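Remember, it's a predicted structure, so these values are computed and weren't measured experimentally. We name chains A, B, ... by the order of the sequence lines, and we start the count at 1 in each one.
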Amino acid sequence: MDQYDASAIEAKWQARWNDGDCFAAETGSDKPKYYVLEMFPYPSGRIHMGHVRNYALGDVVARYRRARGFNVLHPMGWDAFGLPAENAAMERGVHPGQWTTENISAMRTQLRGMGLSYDWDRELATCTPDYYRHEQRMFLKFLEKGLAYRKESWVNWDPVENTVLANEQVVDGRGWRSGAAVERRRLSQWFLKITDFADELLAAIETLDRWPDRVRLMQQNWIGRSEGARVRFDMTALAPGGTESIEVFTTRPDTLHGASFLAVAANHPLALALAETDTDAAAFNAECAKLGTSEAAVETAEKRGHNTGLEVRHPLVESATLPVYIANFVLMEYGTGAIFGCPAHDQRDLDFANAYGLPVIPVVLPDDTDPREFTVTDTAYTGPGRLFNSGDWDGLDVESGKRAAITALEGAAAGSGEVTFRLRDWGVSRQRYWGCPIPIIHCDDCGMVPVPESDLPVELPEDVNFEAAGNPLSNHPTWKHVSCPCCGKDATREQDTFDTFFESSWYFLRFVDPHHEDGFSPEAAAYWMPVDQYIGGVEHAVLHLLYSRFFTRALRETGYLDFDEPFAGLMTQGMVCHQTFRDGDGKWLFPTEVERDGESWRHLETGAPVTAGRIEKMSKSKRNVIDPELIISTYGADTARLFMLSDSPPERDMEWTESGVEGASRFLKRLYRMAGDPSLAAASGPLPAEGAGAELVRAAHRAIMAMSEDIEAFRFNKAVAQLYTLANAVGDLREQSPEAASARRFAVETLTRLLAPMAPHIAEEMWEALGHDTMLATSAWPDADPSLVTESSIEIGVQVNGKLRDTVSLPRDADEDQARAAALASAGVLRYLDGSEPKKVIVVKNRIINVVV
RNA sequence: GCGAGCGUGGCGGAAUUGGUAGACGCACUGGACUUAAAAUCCAGAGACCUUUGGUCGUGGGGGUUCGAGUCCCCCCGCUCGCACCA
């Protein structure tokens, strides 16, 4: 057998798989289905190591399930709308569509070179009208159902580029490209009513038992459900803006008797009304608006307020009144934009009360505390206890107090129990060209008119100009001008496009039926969905994964499908990291620019010393990237894939090292030599039933069992270790006999089949070398014979007083007397017994023997 | 601040319900082969000691147990998520 030539072998098998159409998902199969999906990539132009890891993981699952007899759906596509395409258009004058298409074809070639078992017939790109026309229709259905609406909201506006910026594109308050100070601007935006599903999305998290706890928790926190009460405080006199009362949300209605002030947000309607006549209030509001809500600003900002001079009545205590402040720590975005302050039991309220000399009235008494000795000065008490200073509620615990308060509020018609969520509706409008057009027409007479279904898709115009500032769709001379579908009058198209998360919220449904004229058929969705295993980066823990969960429900409400959860199993992979390097000037260097110099590093060309820095996530800015294409051309795709799976568990960050790649490559070459051993091809006799050869056969069966368990539990690093262990066992069998050769052949064949999901090309080549004319890609997984998995005798540790002193070899399942006798006769125990009887002997079958002396 | 997770050799990491800590790999050391190197193969390897044996050892300290990486309590450190959420 020749030297292992990765590129030739890999090309050969990729062609054969392709010719055999080996990875097509079957329609109408009676096999159980399995849908494995990796988060589809943005077509940036080249794959990076994160992709390699993601797809290597997914392909193991796909190939394993296929071998296990499942009808596997394993598709790939392109999340093809987005900002980088527009930037390329502006910087290089190339059309975003052309740029994207070229990138897709380059990346498709790269992915094909990895030998991933995709059903390429289902490939999709979200930027094609054939894809986005379906989501335009979905949107119109949402609109019909009241799940989409338009309203004014605040956005980050870049005054130089005349466009909205995403939060990530605002750096230190300035546009990332223009450098202009970003303005807050109110714009009419489309929203999807994800909040309608807040309770449902939260409750169903419990059913996602094959999701990482971390992600489930993040979604819970993001949705942020709070139970409490809405309380109305009436003004003592009519306030500016015709304000008769202020509504407040609280989670602690039990502390109402401790209320000593009311505070509203600086952009609360009352504050805005006051500002019209009160210059001090106006100044305060302006100051609050400037402060911003950045982490640092919040941390250092003191609690400040503006006393409006207005007063409200306490809703439950006759004749009691409270002053009303505008306060910088009250947010309009949460609850009602107003709070009542109970300084004794809320730290922020206490800080505020101390700053403005407001009363601090404790109403919750910690257990076993004397009320006369309980005071609150600097630290609010938020723990459990009994109510006091609270009239009828005195003596109640906090939970009972909350219920009593809600009952009392309802009785006084001053409030009621309420649940508030942190989750906000999803704003989907973007002032961008390279996205899906929102299928709405604005008519002066008819208002907002949906584009009739027969006119879909609303396609992006091709001839756009990126030279001018602003949205190219608005600048286009003709595109926006249409006649109103209702009255026929001149009207204009909506010129915003959808947030690109819109496309990724349903692509997994398009894959199940990629040529269906309605996007997908309910039957195909019912058969394939949910995705059995979804794999991708944890950075989508909230956004994409929450949007998709919402979208699935919205599609349920609009009759597209009849289930709730799109992803039954989720695995979040860790990042691929690499050492960083800098030269003497602190400039980042590529790993390909440096070489080892004993213990340290030097520049490959200049020889200048190089500082090796931290191991960090691969990123262009720090240049600590390795191009997958370089690895594949040097070592082959199998090596890259195997190394990705070795050593580190998939959910953890891993370090890409040259020595690690070398190790994986060495191992594959060793296996290749093993399979090419001519003595194996000649071996044809029966497998040995005893002796060293039989032990090797047993080892192979153990490997099948262990490997299967490890793959199913996504412990791929351990699965790789099983391969090494079996390979070592093959090497350890020195016996030269026909029986040994048969055993060796069986072990190497097993090894080859177990290797196939991880390093599929070389496994096929080995399989062929072993004399087979079948393909592993379409072969069944080997079965482990349970009777051969267990070893007949085991080494058991013998402890004296809990410390290991010896080991004894015992038959499996040896009884207690036998184990005890063997232990007491062992040299390690005799040394400690010193002729006397042991106090006690503990025997744990097949595990341990502990002699207590 | 709140919430969650994690601390195991030089490194990545193994270790069912508490039961022989360090599987497997990387790096390392020695040997074989070679004129030599690479590759390959074989062997070794937690630390320390008075080395047929012993002591220590899973971030630190205590506890439960015949027995603790694993369970309980208290600290220390790191990572991630959310963050003026009423």
| task | Find which nucleotide of RNA chain B each of A:Arg348 and A:Val844 is nearest to by heavy atoms, and output the residue with the more 5' nucleotide. | result |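 Between the two, 5'-proximity favours A:Val844.
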
| task | With RNA chain B as reference, determine whether A:Ile848 or A:Ser648 sits nearer its 5' end, using the nearest nucleotide of each. | result | A:Ser648

What integer number of Å spans the [atom1] atoms of [N] and [M]?
N     : M     : atom1 : answer
B:C42 : B:U8  : C1'   : 30 Å
B:G13 : B:G22 : C1'   : 10 Å
B:G60 : B:G77 : C1'   : 10 Å
B:U79 : B:A68 : C1'   : 26 Å
B:U29 : B:G10 : C1'   : 13 Å
B:G12 : B:C2  : P     : 31 Å

| Does any donor atom in the side chain of A:Asp425 or A:Thr195 lie under 3.5 Å from an acceptor atom in the other side chain? |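 Judged by distance alone, the side chains do pair up.
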
| message | For a quick check, with a 4.0 angstrom heavy-atom cut-off, what is the B/S/- contact string for nucleotides 2-10 of chain B, read 5' to 3'? | response | -SS------

| task | Please determine, for the side chain of A:Pro649, which listed nucleotide (B:A14, B:C66, B:C24) has the closest atom? | result | B:A14

Gap between atoms [atom1] and [atom2], on [X] and [N] respectively (whole Å):
X        : N     : atom1 : atom2 : result
A:Arg702 : B:A23 : CZ    : C1'   : 13 Å
A:Glu616 : B:C78 : CD    : P     : 17 Å
A:Phe249 : B:A86 : CZ    : P     : 7 Å

Can a side chain N or O of [X] be found less than 4.0 Å away from OP1 or OP2 on [N]?
X        : N     : answer
A:Tyr334 : B:A86 : yes
A:Thr420 : B:C85 : no
A:Arg666 : B:C26 : yes
A:Asn717 : B:G12 : no

| task | For side-chain contact (heavy atoms from CB on, under 4.5 Å), just list the numbers for A:Ile848 and A:Val798, CA-CA rounded to whole Å, side-chain angles, deciding distance to a tenth of an Å, and then say yes or no. | result | CA-CA 6 Å; A:Ile848 196 100; A:Val798 179; over 6 Å; no

Atom pairs under 3.5 Å: protein N/O with N/O of nucleotides 49-53 of chain B:
none

| query | Stems in RNA chain B: runs of 3 or more consecutive Watson-Crick or G-U pairs, distances under 3.5 Å? | reply | B:1-7 with B:76-82, B:10-12 with B:24-26, B:28-32 with B:40-44, B:46-49 with B:53-56, B:59-63 with B:71-75

